[in-house]
Every structure is written in C-alpha cells, then in structure tokens.
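To start, the structure itself, in structure tokens.
Every heavy atom of this structure was used, including side-chain atoms; hydrogens, water molecules and symmetry mates were not. Reminder, nothing fancy here: chain letters follow the sequence lines and each chain counts from 1.
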Amino acid sequence: MERYDPKTIEAKWQKVWAEERAFSVPNPPLDELRAHRNKTYVLEMLPYPSGELHMGHVRNYMLGEVVAHFRRRHGYAVLRPMGFDSFGLPAENAAIDAGRHPRELTEENIARIRGQMTRIGWAIDWDRMLATHEPDYYRWTQWLFLRFFERGLTYRKEVPVKWCPNDQTVLANEQVIDGRCERCGAEVEARNLEQWLFRITAYADRLLDEMEELESWPERVLTMQRNWIGRSEGAELIFRVDGLDVDIPVFTTRPDTIFGATFFVVAPEHPLVEHLVEGTSHADEVREYVRHAGGRTAVERETKEKDGVPTGRFVVNPASGARIPVWVADYVLMEYGTGAIMAVPAHDERDYAFAKRYDLPIKTVVVPADDEPPEGEGAFVAHTENERLVNSAQFSGMPAPEAKRAIVAWLEERHAARPAVGYRLRDWLLSRQRYWGCPIPIVHCERCGIVPVPDSELPVLLPEVEDYLPKGRSPLATAEGWVRVDCPSCGGPARRETDTMDTFVDSSWYFLRYADARNDEAPFAREIVDYWLPVNQYIGGIEHAILHLMYARFFTKVLNDIGLVGFREPFARLFTQGMVYYRGAKMSKSKGNVVDPDEYMDRYGADACRLYPVFLGPVDQDAEWQDSGFEGMVRFLNKLWRVGLGAVEAPAGVSAGTPLARKAHATIAKVTDDIGRRFAMNTPIAAVMELVNEISRSEEDPARGFAVETAVSLIQPYTPHIAEELWQRLGHERLWASPWPEADPAQLEQETFELVIQVNGRVRDRVEVAADASEDELVARAKESPKVRAHLDGKQIRQTIVVPRKLVNLVVA
RNA sequence: GCCGAAGUGGCGGAACUGGUAGACGCGCCGGACUCAAAAUCCGGUGGGGCCUGGCCCCGUGUGGGUUCGAUUCCCACCUUCGGCACCA
C-alpha cells in the first residue's frame, strides 16, 4: 500500500490553493456585499514580528484556522486576515539586540513568519495583509489621531509619568506591573514631562455600560476591565481652609461618615501644599517631607508605615463646623479623586493607622444597626451590612445608605457637596520617546502653538536617523532637517513633534483596516466595515485582557461618535487562549525554550504540526508542551491514510443502520457541537480518532466507506492537506467547498440504543432497545430481564426512574 | 484583604443541561513481524479482592448535605493559579 507522504501531498495542495487563490475573499461591489448575509469575521490578534513562530503561536493561530474552515464549510463568507504589529518596543528592542536597523529586521521577520504561515497551510487572506510600520498604514493612524485631536480627545499636558530607565521611555499606567516595566522588568521611576494623552476617562462609563452589547466574552476579562476602570460612586465634599480664601474638595464613597472626620490630608504633590504652608512655621518641615516623599519609589510608598507632617492649617468640616487639622501624607495619592481626603479614622483602616501613630482623635459615627454602640471612643468599626449613624447631629439614628443621600443633599443646598463618581482609570499616555513608532502629526509653532499637520500632508514619514538608540529624549529630535518645518498655519518657523506613538495606538484600529485594506483615500469605507464588523470571533491571549482590548473598544466608540463606523463594540465574541509552557516557563524566544515548528514540519509534515498543539489540552487553558505525544499524531495520520486508501478500494456502502454508521453520525454531532458551540478544539480530534479506530476494527461493516468520508471531512479543518488528498481519491470534488455529510433524521429514528437497567442504582443488565420506545416499554423491558428478576427477588418495586434513551432504575424496598 | 478559575489513573486530559467515571493521546505490559534490535501493527492497562467463565468492594482534593442516582448541585474547609489592591 502506498505510504503516507506528507511532503508531496502538502506541496501539491498548497500549490493548488495558491493558484486558485483559495483563501482570498475580495470585497464584491457594495450592493452585492450587502446582499450576502452569511459572513463571519474571524480574527486573531496580530503578532509582533520580533522573531519566528514557535509552537505556542501555532496553537494560537490554529484556533482561528479551525473556526475559519469550519464556518466556511457551513456556507459562510469568511474573512480571516493577518498582519503585523511591527512598530514599537518589541521590534525595536529585537533590532537593538541584533545590532540592526528596526525596519530592516522587522521586514525580514515579517517575510519569514509569513513564509512559515504559508508552509503550515493556514487559510489566510494575504491580499489584506498589513503591517503597522508601513506608511500606507500609519498614514491613517495619524489621520485618526487628528480626528481625536479635533474633538479634544487627545491633549498635551505636563504630567508625572512612569519612566522606564532601561527602555528610556515613558510607560502607560497599564504597562507598569508592580512598579516595574511590563517589558523589561526594570523598576519604574517618576518624572514630570510634557506628554500626549488620550482622554479615555471620558469613555469610562461607556466602557462599562456597553459591555452589555457583547455577545460572548470571558467573564474574567470583563471583571478585569471593570476592576481596571474601578468606578465608585460617592460625593465630592468641599472643605474651606480656615483663614485662607481657599476651598479644597475631597472625594469620598462614605459621605455618611463626615461627622467622624477628625483630620484632613492632602497628597505631597497637591498643588495647594505650597500655598497652605507659605510663611508659616511649618513650611520648612513640610517642604522637606514633600521633597523626601517625591524620591520614594512606588513600592516604598506602599510598603512603609504611614507617615506625614502637619501643616499648621485647619479646614472647616462643612457638616459639623469643626476645625480639623490639615496634614500632608503620601498615603494619599494625587492621581485618585482630588488628591485630598477627609480622614475618618473610626471607619477607614488607613486613616485609623495614621491617627494611632500621630495620636489624632477618633470619633465613631456609624455602628451596626442591631448591636449596642461600642464602648467609648477610639475604636475602629469595620463596615458591615446594616448600619446606622450616631454622633451625627440631626442624622443620628438614620440607616447609613439613607444618610449618604440625605447628607449629600443637605450639603448640596449649602454648596458644599455634589454627587460624584470616582474612577481608577487614568487617561492613556501615548507619547513615547523612541524611534520606532508612528510619528505624531503635530507641529509646534512659536506663534500659533500646537498646530495639527493638515490631512493632505499625511503621512508624516518617520525620518531616517543615524542613531536610533534610546537616550531619554526622542531620537527623532536629532533629525534637524526633518524637525524644522514651516508652520502649516502661519508659515513661520516651527518644529515637528518628536515623540512617537505607543504601539497600542497602531493596534487599536487595525481590525477595521482589514475590511478595506487597500483603500488609499480613507482608512476604510464605512459601508464595508459596517458589513464585516463587529468581528464575530476574536482570538488572543489573556495578557491583552486590559491593554489592547480596552484601547480597541475605546477607539471604536470614538469612531462611532464621529460617524466613521456604525457599531460601538469591535469584537462580539472573544476567546482567550491559554499559553504554552515548556520546561517550566512560557514558551518564548527570550527564555530560549521554543519548539521550532519548521523542524517538525521537515520531519513529520505540516498536518501533524497543526494537530498536536491543539490536541495538548483545552485551548482556553495553559498547556505544557510534551514532546513525547507528537508521535501519536503521526500514528493517527498514518492510520487515517490507511483506512482512507482502504475505502478507495472498497468504496461506498450504506450510510445508516450499522454500528459504524451510527458511530459516524454521533461523531458528526459531537464535532459540530464542540467546534461550533463550545469552542472546544481538542475533543473533536479525539472523537475522530475514536471513529478511525472503530473503522479499522470493523473490516466487514458495510458503512465503512461512509465512515471514512465522515472522518476525512470532519478532520479537514485541522489537517486540510491529507483530507483534501483523501477526499479527491475517494472520488469527490474539492472538500473545503463541499457541504458536510448530514445525518438523516428519518434514519436516526430507526436506530437502537443500549438501555441501562439498574436495581437500586446498581447496573444489573443492558439491552438493545429501539430508539423510539416509550417509557412504558422501557420499564417492561427492564422487568422482563432475567438478571434483574434475580435481584428483585420478589420484592416490591417502590419507584421506577426512567431516563429516556438511557436508563431505567427500579427502586425496591 | 476583595474578586475569579481550578483540583479526576503513572502523565496530558474526557464525561455537553445530575444518568455505565477515566473517551482520545502519551507511557507501561503482552503479542505479531525480525537472526536480533529499531520502526510498524494488534491487544491489554484506575486500585483491591475472590476466581481460571464471571462477579464483588473501593475510587473524581477533604468533611458533610440534597437525590433512586453527584466529577456535576448546596454548605464548610484545604491546596494551587490568575486579576485587583494605600482607589478614600
């Protein structure tokens, strides 16, 4: 018998697919596009071209691959594009390590990865390929930036920033993990710099509320985003500084505790600190504290014991009229709320710790509703379900939730409060002082200030520079000829913005560009994106649960507001796949523990390489690469090949009524359900293996030919090369376009099933029963079984439990 | 501390709405082929006990509960992993 030779088969079919452009899905004219109702947009997060593909990548892209084939086989027009996130730190750092120019190395990597993807036979529409570093693409990134600018959604501001001393650039909040740089792990420093930001906080509520519109996202991703946005409802309360004509607002979620505020704290970075202490005897001590606190790292600030200094100033509690002292302490953060708090030591652990240390008064104002108020003053009272107020003037005795509203309303009348919402979310800092990124299309003019580059002058091309290594200021600044321009507004001397954009800007709209990838008059045509989008199935790593996924949602909402797209959420369904571990660490080039697919393709062929990474385990969970299991896939493909050729010699046969036919039908149902509904990728492979084992054991079954066709057809999304070859040899047309073999319901009704008979829950017998047998018939069959009778032994049947098509249980006394 | 996910053979893992626990693969054991080995193919494989047919008992992190029946549902606990965390 002819040997299974993956090399020949794979080369043959890849040539056929390339010639017929099997995976290209060009956009038809608009009116035709609208008429085509069955579309699926399958999208995997675009890779950074910082190296080559390894088996971890193979596993990820196989998910989109299987879904794309599966949907296509079910009669859908499937958009399944691919591109490269080629700007940014990963690519630039890889280039620096290699001592190469980023463009050169990036483009080399792109070519190499594309080659690997082609060789493995993925059904990708390469006609829509994009790379974010190409002017054709970043021209529109700049264009979109200008639309944000026009609407005031991007702005420039001097801000305290997180600075990575290793990468020599500013980081977004989201890129700082435990006080360290997300990419390199260096401890992040604080600096004050003029930076560009996106006003993502303006969309905080919509990013929360419009989660409702998502079809299917993992709950944990939504939870992570909710936590990140960190919305909390409360009030802004205004405290007046005694002796100065100054009001300081604070944000609190517990306005009900205002009568318990016994001191007041402002953050060291608070702009009013200097004004508060100017000319007082505390000025030197406070300045010293502020200076010292500024030098602390984020980690120090969090782990040390709470400390602070008094300012000598007092504010007036707007509710009680009490004068309470103002302190400066760095346990209050400038970035959250208003940078100042009213301290209620009896009901806030942090305030309590601070009060204990500096011997400040503690006043209980909220107690559990059922209990007696705690003895005396000075205790910490933890928050509980049912609470009422004490020591709070006219509000004493009121339940806490009601008191919250009442106190805010009462203070609001006196212009000392308003309801407010606090967010943990900060604006998105997008400036990067690095070379390899999208230039920000802005000009700084001596006379006109900040001037946007006109659309007609886009793209602002990234200049060639001698030295692109990071130095703490953008390398673009060294390109004098590029920096100096005439102001687009007044024609006077001006300088270009030299910061580049965060890579996450590039990847916040790429999914739109794919729909209309070759448009050179606009980023995309609205009619076309409205047809393809939202993405039906988005696939990517959990590591992007917050960053990329929230930025992309933000961009889509802004574009929807501008009228560029007709939808508000970009990704209807999201699937987050697990990572592949090898030798105890996440498989990655930097850890040096990659498994190279090329080697395996050389030895075993592409189909085995496609199969094994997804067979490893459930794809939403992390998996450990087990090299020993790979051979099993090769054995399976050989077996499939054998039974396939066997069926070629003895074709056709029946498609129902035999055990093998039944098995085949059951496998169709299982695979369809697993891929289509459950998004399970490993169990369908197991089901087909089971079917193939069954075929090779059932030499005589007349449904053999049908079962083989079923197996070939079902495994095709995983291993299209061998499937296509066998399908052809079995005498059929092209497989990827053909419908799936369907079970005939009328025939299924004739089938039998195995009835399990139990007595008191113990299995006593099994019998074959017609599938359409009634419950009474099932019970009758159970009772007439000799084995069951022996166990009944004349005892009375107390209860009969019938599970249709499965089981009868006779319960006896 | 708060929120979430998960604990099943020697291993990766199946069991979709409570219905024969351990599919499929790896590994291991046995057999065929071979002078022999490798490769390949076929069969067996949760633990224990009677027994040469066959049958019984125990088993899904621990302890309870609901149910005729629980890996699945409920309560408590243990362990592991992930997210958030001076957020007022």
Should B:G30 be called syn or anti, with syn set as within 90° of 0?
-> anti
Out of A:Y612, A:Y600, A:Y582, which residue meets the side chain to side chain donor-acceptor pair (under 3.5 Å) rule with A:D627?
-> A:Y600
Under 4.0 Å between any heavy atoms, over every strand shown, what does A:R642 touch: base, sugar-phosphate, or nothing? Just pick one.
-> sugar-phosphate
Would you say a side-chain N or O of A:R635 is under 4.0 Å from OP1 or OP2 of B:C26?
-> yes
Distance only, no hydrogens: is a donor on one side chain within 3.5 Å (strictly under) of an acceptor on the other, for A:N593 and A:Y581?
-> no
Could you work out which one of B:C42, B:C24, B:A88 sits closest to the side chain of A:I341?
-> B:A88
Please report, rounded to the nearest Å, how far the P atom of B:C24 is from the CG atom of A:L691.
-> 12 Å
Interatomic distance, A:F630 CZ vs B:C24 P [rounded to whole Å] | 21 Å
Length of the CE-C1' vector between A:M681 and B:C24, whole Å = 17 Å
In whole angstroms, the gap separating C1' of B:C41 from CG of A:L640 amounts to 16 Å
Whole-Å distance between B:C41 C1' and A:N693 CG?
-> 13 Å
So does A:T223 get a side-chain nitrogen or oxygen closer than 4.0 Å to the phosphate oxygens (OP1/OP2) of B:C84?
-> no
Phosphate OP1/OP2 of B:A14 contacted by A:R678 side-chain N/O (<4.0 Å) = no
Distance, rounded to the nearest Å, where A:Y352 contributes OH and B:A88 contributes P = 21 Å
Taking only the side-chain nitrogens and oxygens of A:K639, find out if one of them lies under 4.0 Å from OP1 or OP2 of B:C42.
-> yes
